[in-house]
> 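Pasting a structure here, questions to come.
This one's a predicted model, so the numbers in the text were calculated from it and none came from an experiment.
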Amino acid sequence: GWYKSTQLPGQKGNFAVAGHEAGYNAPFEEIWYTMNVCDDIFVETRDKIFTYKVFPKSDNPQEIEQFKQCAPNIAKRWEERYKNAPIPVYGVDVIHPSNSSILRPIPKNEEFDVPNYALPIVTLQTCHPHLQNWERAMIRGGLVSEEVKPKDRVIIGKDPLPPPPEQAPENKPIENQ
């Protein structure tokens, strides 16, 4: 579920969601093992679909370059505000369950809690390691686009199904802020 102390999808700051990684109806099953830099994370609301790209998982230059290619409109700001923060923020994290700093607008960094400084990001949180619960795993990404969802569109499964071309809404890229 959504952490009510965090932002809503598309807002500057951190939209954080927790979900089970194992068991019946586990929405985040194996995300820790399968999500990679630049993978899409889709968040659907009643009237919009938000697309986020997974941040680099570390300071690996190849992953950072890959992120610059797949998300050029936010990569520079991620590098300035998240990678170079006093406590760097990458696309993955493992923390103790009592650590709530990952819910901040710029996770783990108290001194940068100014929402206007923050990018619109998503944090997916689940138990870690697999079938255990003594840690929490995070996957994070930055917002790259949002689109208005046609009223008659139905989404089934993990990824949104594209509407027929004649009904396709225009993607609205996120501008440099």
> Check whether any side-chain heavy atom of Phe50 sits under 4.5 Å from a side-chain heavy atom of Pro120, and report yes or no.
no
> When rounded to the nearest 0.5 angstrom, what is the spacing between NZ in Lys83 and CZ in Phe67?
12.5 Å
> Measure the shortest side-chain to side-chain distance between Glu79 and Asn84 over non-hydrogen atoms and say whether it is less than 4.5 angstrom.
yes
> Under 3.5 Å, is there a donor on one side chain and an acceptor on the other for Gln69 and Glu65?
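There is such a pair between these side chains.
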> What's the shortest heavy-atom distance between Lys53 and Cys70, and which atoms?
CE-O, 4.0 Å
> Are Gln125 and Tyr3 close enough that a side-chain donor and a side-chain acceptor fall under 3.5 Å?
yes
> Counting distance only, does the side-chain N/O of Trp78 pair as donor-acceptor with the main-chain N or O of Tyr90 below 3.5 Å?
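No.
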> Output yes when a side-chain donor or acceptor of Thr6 lies under 3.5 Å from a complementary backbone atom of Ala16, and no otherwise.
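Yes; judged by distance alone, with no hydrogens or angles, the pair exists.
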> Is the backbone of Gln7 close enough, under 3.5 Å, to the side chain of Lys12 for a donor and an acceptor to pair up by distance?
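Not confirmed, Lys12 side chain does not pair with Gln7 backbone.
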> Distance from Asp93 atom CG to Phe55 atom CZ, nearest 0.5 Å?
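Reported value, rounded in 0.5 Å steps: 12.0 Å.
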> Is a side-chain donor or acceptor of Tyr52 paired with a backbone partner of Asp39 at a separation under 3.5 angstrom?
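No.
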> Any non-hydrogen side-chain atom of Arg140 less than 4.5 Å from a side-chain atom of Val122?
no
> So, are Lys149 and Glu44 salt-bridged, with charged N and O less than 4.0 Å apart?
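Looking at Lys149 and Glu44, the cut-off is met.
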> Please find the pair of heavy atoms, one from Val144 and one from Ala71, that lie closest to each other, and give the distance.
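Shortest heavy-atom separation between Val144 and Ala71 comes out as CG1-CB, 3.8 Å.
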> Less than 4.5 Å apart, side chain to side chain, heavy atoms only: is that true for Met138 and Arg136?
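Answer yes - side chains close enough.
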> Quick one: does Pro88's side chain get under 4.5 Å of Tyr82's, heavy atoms only?
no
> Is the closest side-chain heavy-atom distance between Glu63 and Ser58 below 4.5 Å?
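Side-chain contact under 4.5 Å: yes.
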> Minimum heavy-atom separation for Ile139 and Val54, please, with both atom names.
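Heavy atoms only, the tightest pair is CG2-CG2, 4.1 Å.
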> Any donor and acceptor pair, going by atom type alone, linking the side chain of Gln11 with main-chain N or O of Leu8 inside 3.5 Å?
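Judged by distance alone, yes, a pair lies under 3.5 Å.
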> Do Asn14 and Thr123 pair up side chain to side chain, a donor and an acceptor below 3.5 Å, judged on atom types alone?
yes
> Are Asp47 and Thr45 packed together at the side-chain level, in the sense that at least one heavy-atom pair is separated by less than 4.5 angstrom?
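Touching, per the 4.5 Å side-chain cut-off.
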> Tell me, do Ile74 and Leu143 make a side-chain contact under 4.5 Å, heavy atoms counted?
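No; the side chains remain at least 4.5 Å from each other.
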> Any chance you could lay out the side chain to side chain contact (heavy atoms under 4.5 Å, CB included) test for Ile64 and Asp59, step after step, and finish with the verdict?
CA-CA 7 Å; Ile64 293 171; Asp59 202 16; 3.5 Å; yes
> Answer yes or no: is there a donor N or O on one side and an acceptor on the other, between the side chain of Thr126 and the main chain of Ala137, under 3.5 Å?
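No, Thr126 side chain to Ala137 backbone: no donor-acceptor pair under 3.5 Å.
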